[in-house]
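In the text below, chain A, chain B and the rest are named by the order of the sequence lines, each starting its count at 1.
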Number of protein chains: 2
Amino acid sequence: MNIHDLAKHLNISIGTVSRALNGRSDVSAETRKRVLDAARKLGYSPNQSGRSLRRGSTGMVGFMVIANRSRAVRGEAFFMTVFDGVQSVLAKHNLDLVIYYCGDEQSPETYVQRIVERGLVDGLIVSQTTRVDHRIDYLLQQNLPFIAFGRSQSGGDHSWIDLDFEGVAEESIDLLYRLGHRRIAVATTAGDVNYGFIYAEACRAALKRRGLELDDDLIIREAISEAGGYRVGERLLAMKQRPTGVVSVENSLAIGLYSKLKEAGVEPGRDIAVVGFDETPTFGLFLQPSLTRFRLALVDLGRWLGEHMAELIEAKRSGKAAPVAHKIWPLEMVPGASTIPLLSAAGGGETVALRPETKPARRVRRASETAGS
Amino acid sequence: MNIHDLAKHLNISIGTVSRALNGRSDVSAETRKRVLDAARKLGYSPNQSGRSLRRGSTGMVGFMVIANRSRAVRGEAFFMTVFDGVQSVLAKHNLDLVIYYCGDEQSPETYVQRIVERGLVDGLIVSQTTRVDHRIDYLLQQNLPFIAFGRSQSGGDHSWIDLDFEGVAEESIDLLYRLGHRRIAVATTAGDVNYGFIYAEACRAALKRRGLELDDDLIIREAISEAGGYRVGERLLAMKQRPTGVVSVENSLAIGLYSKLKEAGVEPGRDIAVVGFDETPTFGLFLQPSLTRFRLALVDLGRWLGEHMAELIEAKRSGKAAPVAHKIWPLEMVPGASTIPLLSAAGGGETVALRPETKPARRVRRASETAGS
DNA sequence: CGGAATTTCGTAAACGTTTACGAGATCAAA
DNA sequence: TTTGATCTCGTAAACGTTTACGAAATTCCG
């Protein structure tokens, strides 16, 4: 069933059929109706290969995820939620979302190269960026709209979106500091994915603003998973001078951490303060004691990606310059019972309510300001 | 950069270039090397649209997931793990996996129809089958290799794979029965997705084999999510005659259930027995007390899908009959501390070790056989 | 050395669309 | 009726491949 068959069936030319299906103006209303009706009845849709070949565009947007570059795709529902947002927006622009899943056997760089060279997509979203990301270097040389989900140090101006790791780090450290904690560990990701470094450095900066140094021993890098969080717990418990609080870049870390701590009789929220990250997996919401964490509108983030991608593609189609955008996506703290005031600390901390105001002040407090309890 | 450019650059014809790139025999070794080198150097890969159009096949396999048909795609890492297995196998057969994410605005039926009519894929995997699934009815009329991930009642012979819900139900009920439980609730999914019914009916049958009736009130249908599990807990606790054990078709249900039970001071594994399902999300592994659950080799399941799809496509290409396959995928029980002998039960149960053997006997025991403790 | 067999390559058609172009039909205005 | 203008449609080229076919070059063998 192709356009010739349909045209023959209607006794008109293929040109007219095509124009009718594509909503062109130079076809009579009556003919258009006949064509559309027949197409539906006979189950005809234009062949995508033929259309793409002629048009020079496929109408597809790629989203590349990498299996084993933490955040470990397999272990989480994170990306599925993002897809939801992207897909819903792209559909409105007559674009399809296809997900390219880069397994272990493939190199992400050659995978991207193949996708581009073969003309598979009109636009590409790459996620899980590394500090130096050759995919981005490559894409910058091509004439294909793309967005990076995650920052990288690669030069060149291109669109990207990333979570507000700095904001989360600042609020996390601020909360613990105000609760009196002075020895704080940072659980972050191993591997060279970029956000692990961003988060750790942001924590270091937040501590520094409060007159504290972040000892390198207190940066605990583990794979992003519950098992990784468990190992974080092991390493924490093995420390000679145990930290009184932990902040972590991922909830699955917090989940495994809880598990190890409880096993050792160290109760989160009573014996040690724990700050998580976003609310995916949703499971994190069901930890006990409830985890202090950050709300993240992940579907909306996906929508932003879809909107901006549609813009980029439209700009290219009409020959305009690409509207480059950079976006830091905010998260909102949700206080839980896992962060408690440190009563036993020498010198004590500032007295604060166990449940801080929902929007904690971002004002930086210096150690000299704090009053004893 | 297309095949003409490359041919011109090498001073040979496009036919030869194409043959060289496609590994045909009628091209000299020297010429082939020149072509391959130049292609790599100049960054040329054959345009997919042109190739698909000429070949009549796209080299792509579609995997369709539906956003909000439980198991809720967004809430879980389940499918990502399957993708991993599928992708790794398909890659060996020079096939690409593309994931079609069917959002809320789209009807799954018309989405499938569009994918088929436009010739987007050489094969299609559809998941989250309903009892009557019109996608399958439609696909049976088309000439496209497809596999259903999940059974349905739609007639017609086609390949499918599904989890062994019957086996899990039998083992779950058997365990609780042998521990002395006689009033057992079944937590399963709401909506018309097929496996929710399969599981509930299998539990009913397993109970019947032991001389017990499954009261309809004890079948608790809720959305597959932690929140759904929480509501399961609410409904359990509201019952006049509270069940002593619960089996559930999904771990996220168990997670939410734990949360509600603990909130009410009802300790899983002490006051009520809980049996979970598979180990996704991995988080379920970190529940306390540890959850009795079933190990599921989900990556291998994905590999099976990939292998069989490659077979189907190869068979069609060579004009052979499609090798239809039906597969029930096994799960293996992992006993945890959430299933305990019911000491307080009138009449008591069979005395069994708290940790049953790793492979509990499937032999059906009748009530008359059981000995008092 | 002649002819057949084999190797290597160029030519051109075909895959299913979209769209520029132009032609015929219709219509309004003079 | 004539002349444009407008509406509607058919024709044919083009998109980038793959591959059947045949031709030229080479090798083989008697």
Look at the side-chain N and O atoms of [X] and state whether any lies under 4.0 Å from the OP1 or OP2 oxygen of [N].
{"X": "B/Ser13", "N": "C/dT11", "result": "no"}
{"X": "B/Asn2", "N": "D/dC15", "result": "no"}
{"X": "A/Ser18", "N": "C/dT18", "result": "yes"}
{"X": "A/Ser28", "N": "D/dC7", "result": "no"}
{"X": "B/Arg51", "N": "D/dT18", "result": "yes"}

[X] side chain to [Y] side chain, donor-acceptor N/O pair below 3.5 angstrom:
{"X": "B/Ser159", "Y": "B/His308", "result": "yes"}
{"X": "B/Arg51", "Y": "B/Asn22", "result": "yes"}
{"X": "B/Ser28", "Y": "B/Glu30", "result": "no"}
{"X": "B/Gln106", "Y": "A/Gln87", "result": "yes"}
{"X": "A/Ser49", "Y": "A/Ser52", "result": "no"}

How close or far is atom [atom2] of [N] from atom [atom1] of [X], stated in whole angstroms?
{"X": "B/His4", "N": "D/dA14", "atom1": "NE2", "atom2": "P", "answer": "12 Å"}
{"X": "A/Arg54", "N": "C/dA14", "atom1": "CZ", "atom2": "C1'", "answer": "17 Å"}
{"X": "B/Arg19", "N": "C/dT7", "atom1": "CZ", "atom2": "P", "answer": "15 Å"}
{"X": "A/Asn47", "N": "D/dC15", "atom1": "CG", "atom2": "C1'", "answer": "13 Å"}
{"X": "A/Arg32", "N": "D/dC9", "atom1": "CZ", "atom2": "C1'", "answer": "13 Å"}
{"X": "B/Arg24", "N": "D/dT18", "atom1": "CZ", "atom2": "C1'", "answer": "8 Å"}
{"X": "A/Leu21", "N": "C/dT18", "atom1": "CG", "atom2": "P", "answer": "7 Å"}
{"X": "B/Met1", "N": "D/dC15", "atom1": "CE", "atom2": "P", "answer": "16 Å"}

Toward the 5' end of DNA chain D, by each residue's nearest nucleotide, A/Ile14 or A/Asp26: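 Counting from the 5' end, the first nearest nucleotide belongs to A/Asp26.
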Sugar-phosphate, base or nothing in reach of A/Gly15, heavy atoms under 4.0 Å: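 Since a base atom lies under 4.0 Å of A/Gly15, the category is base.
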Sugar-phosphate, base or nothing in reach of A/Thr31, heavy atoms under 4.0 Å: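 Sugar-phosphate contact only.
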Residue whose nearest DNA chain C nucleotide is more 5′ - B/Leu53 or B/Ile12: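 Final value for this comparison: B/Ile12.
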